[in-house]
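The structure appears below as C-alpha cells.
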Amino acid sequence: MAYFPRLGNYMLRFLERMRPSSQVPAVRRQAAAVNAPDLARDRFFLLELPDAGLAHFTLCGDYGEGGTDWSALAARDPRLEAFLLAPGRTYSLCVPAVPGSGYRGRILAARLHQHLLQQLSRDPFRQCELRRLLCYSPDSRSGITEKGFILWDPHDCLEIQRALQGLLFACETPRPQMGMFKADHSGLLWQRLWELPGVVGDKGGTFRVVPTEEPPLHPLVPELPITVVFPNLEETRKVFEECIPFIPEAKEILNLVDKCPKNLQKGRFPVIVIEGLDATGKTTVTEKVSKALRAVFLKSPPPCVSQWRKIFDDEPTIIRRAYYSLGNYIMASEIAKQSTQAPVIIDRYWHSTAAYAIATEISGLPHHLPPAHHSVYQWPQDLLRPDIVLLLTVNPEERIHRILGRGMHKTKEEIELENNELFREKVEISYQRMENPSCHTVDANPNRKVVIATVLNIIRKHCASL
Ligand SMILES: Nc1ncnc2c1ncn2[C@@H]1O[C@H](COP(=O)(O)OP(=O)(O)O)[C@@H](O)[C@H]1O
Ligand SMILES: Nc1ccn([C@H]2C[C@H](O)[C@@H](COP(=O)(O)OP(=O)(O)O)O2)c(=O)n1
C-alpha cells in the first residue's frame, strides 16, 4: 500500500471487491429484461475522442421503471467501444455539481476538477491517457453540467486503482463519482460505478452504456455566459467576490475596479485594438503603428493587475476568465482618459478574453462552437467600445516559425496552441464571429513593412480624424 498506508487491509478488501468480474452478472441482465429498464434520461455524457470528435451516451439503469426503448439499448457506437474497451482498463470520474449555490458551487466544483486534473497528470497516472468527460442534462434549461475525465490505463495496474481510490477518499463530499467500463460476453459496453464503503449515499451499480445522438448545440454553450464569457461587470464581480476567501488578490483587484469611474465616455481620439493569436505580430504592429500615429500604446491586462496574472492563470477557467474580464474593465478607464489626449492603440482587449474562453471551453471540432450571432460574440453593453479592431492572421507554419524565432519562454496555452491546430482554428473562428464591433481581418503573413502599411491604411480609412 504505497499510497495509503493508513487504510491497510480495509482498503485491500475493498479493492478486491471492486475488481470487475469478467462478465456483467446474468441476474442483472435478467432483471433488466423483466423490470423494463429505463434510460437515465436526466444524465447524458459527452466524451472527447482522440480525433477531437465527440461521442455522446447515456446510462441505462438496470432496475428502472417506465417505457423501454429496446432499439436504443441495442445501439452501439464503434468509436465509443474502441476507446472505452481498449486493452487495459478505462475509468470515468465526474465532479458532482454543488446544487443551488450559484457561482460559489461552480467555483468549488471547478477547483475540485482542477485539483483532480493536477493529480491525474502526476505519477503514477503519467502512464495513462486522460480525456475530457462532461455530464449534462439533455434538457439544457434544467440541468447544470458536471465535468470529469476518462482515464485509460493501458496496463490495468492495481497501483492505478489504488491511487484512484486514494484520490476519492481524500476528496471532501460530495465526492467525485467513479466508474469503470467493461464488455459483457456479447461485446456490449457496460459501466460499473464504484461504491465507497462507509459513505452514505454512494450508490454503486452496473449500467448499460447507450450511445445517443449529438444534440444540436454543444451542451456547454448555453452556460458559457455564466461560466467563462461573462456578459457584464456585475456578473464578473460576483465570481470574484466568491474567490476572496481563498485568493486574497481577488479583493485587491475588486478594489481597483471600484476606483474606476462609472459611465465612461471615450475621448475625441480614435481607439484601435490589435488582436490575434500569439506571434501573429501584434507587438510589432502596435509599436510601429503607435509611433506613426503618435498614439498612446496600452497592453491588456493592464500593469496594475498583471502582477497577479500567474496566480489567476493557474486557477480554473471560471476564475481565470473573470480575471481577464475585470482587467478589461480596469483598462477601459485608462482608455477613456488617454483618448481625450491622443489616439490609443491596444494590444488585446475584450475579443481576446471572449475568443480564448470560448475556444478553450468548447471541446470538439470547430462546428461545435456557438453558432454565429450567439450572445457570447456580442460586446458587453457596459464596456467601453473601441472604434476599430484589427485581427492579424498568419498561416500555422509561419506562426510556429515566428514563435521558434522568438525563442522566449512559452506559456502552457502557447504550447497548446502550437501543438493543437484545432484550438488555433477555434480561437480564430471565434474572433471572426465577434460583433459590435467585429474584427477587420488583416493578412499578416507578408513582411513587417507590408503588414504595417496595410494596418495603417485600414485605420486611416476607418478613422477620418487620422
Ligand atoms: N511581418 C512579419 N514578418 C516576419 N516576422 C515577424 C513579422 N511580424 C513580427 N515578426 C516576428 O515574429 C515574432 C512574433 O511577433 P510579435 O510582434 O512578438 O507577436 P505577438 O505580439 O502577436 O505575440 C517576433 O520575433 C517578430 O519580430
Ligand atoms: N484582454 C485579454 C488579454 C489576454 N487574455 C488572455 C488570452 C490568452 O489566454 C492569453 C494570451 O495573452 P499573451 O500575453 O500570452 O499573448 P501575447 O503574448 O500578447 O500574444 O491571455 C485575455 O483573455 N484577455
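In each ligand, atom 1 is the first atom listed, and ligand 1 is the first ligand listed. Sequence positions, counted from 1, serve as the residue numbers for this chain.
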Worksheet item: Mind checking whether K282 has an N or O less than 3.5 Å away from an N or O of ligand 1?
Response: yes
Item to complete: Nearest heavy atom to atom 26 (C) of ligand 1 wins, so pick from L277, N445, T284, T283.
Response: T284
Worksheet item: Do any N/O atoms on D347 end up under 3.5 angstrom from N/O atoms on ligand 1?
Response: no
Worksheet entry | Atoms of ligand 2, numbered as shown, that sit under 4.0 Å from any heavy atom of D278 | 17 (P), 18 (O), 20 (O)
Fill in: Among R402, H401, E287, closest by any non-hydrogen atom to atom 13 (C) of ligand 1
R402
Fill in: R320: numbered ligand 2 atoms lying under 4.0 Å from its heavy atoms
9 (O)
Discussion item. I'd like to check which ligand 1 atoms, numbered from 1 as shown, lie under 4.0 Å from a non-hydrogen atom of N447.
Written reply: 1 (N)
Discussion item. For atom 14 (O) of ligand 2, tell me which residue out of K282, K299, R309, H351 has the closest non-hydrogen atom.
Written reply: R309
Discussion item. I want to know if ligand 1 touches G281 in the polar sense, i.e. an N/O pair below 3.5 angstrom.
Written reply: yes
Practice prompt. Would you mind running through ligand 2 and noting each atom that sits below 4.0 Å from a heavy atom of R321?
Written response: 9 (O), 23 (O)
Worksheet item: N/O to N/O below 3.5 Å, does that happen between E398 and ligand 1?
Response: no
Practice prompt. Using a strict 4.0 Å cut-off to heavy atoms of D278, name the atoms of ligand 1 that fall inside it.
Written response: 23 (O)
Worksheet item: Any N or O of A279 that comes nearer than 3.5 Å to an N or O of ligand 1?
Response: yes
Response to the item:
for atom 10 (N) of ligand 1, nearest protein heavy atom and its distance come out as R448 NH2, 3.7 Å
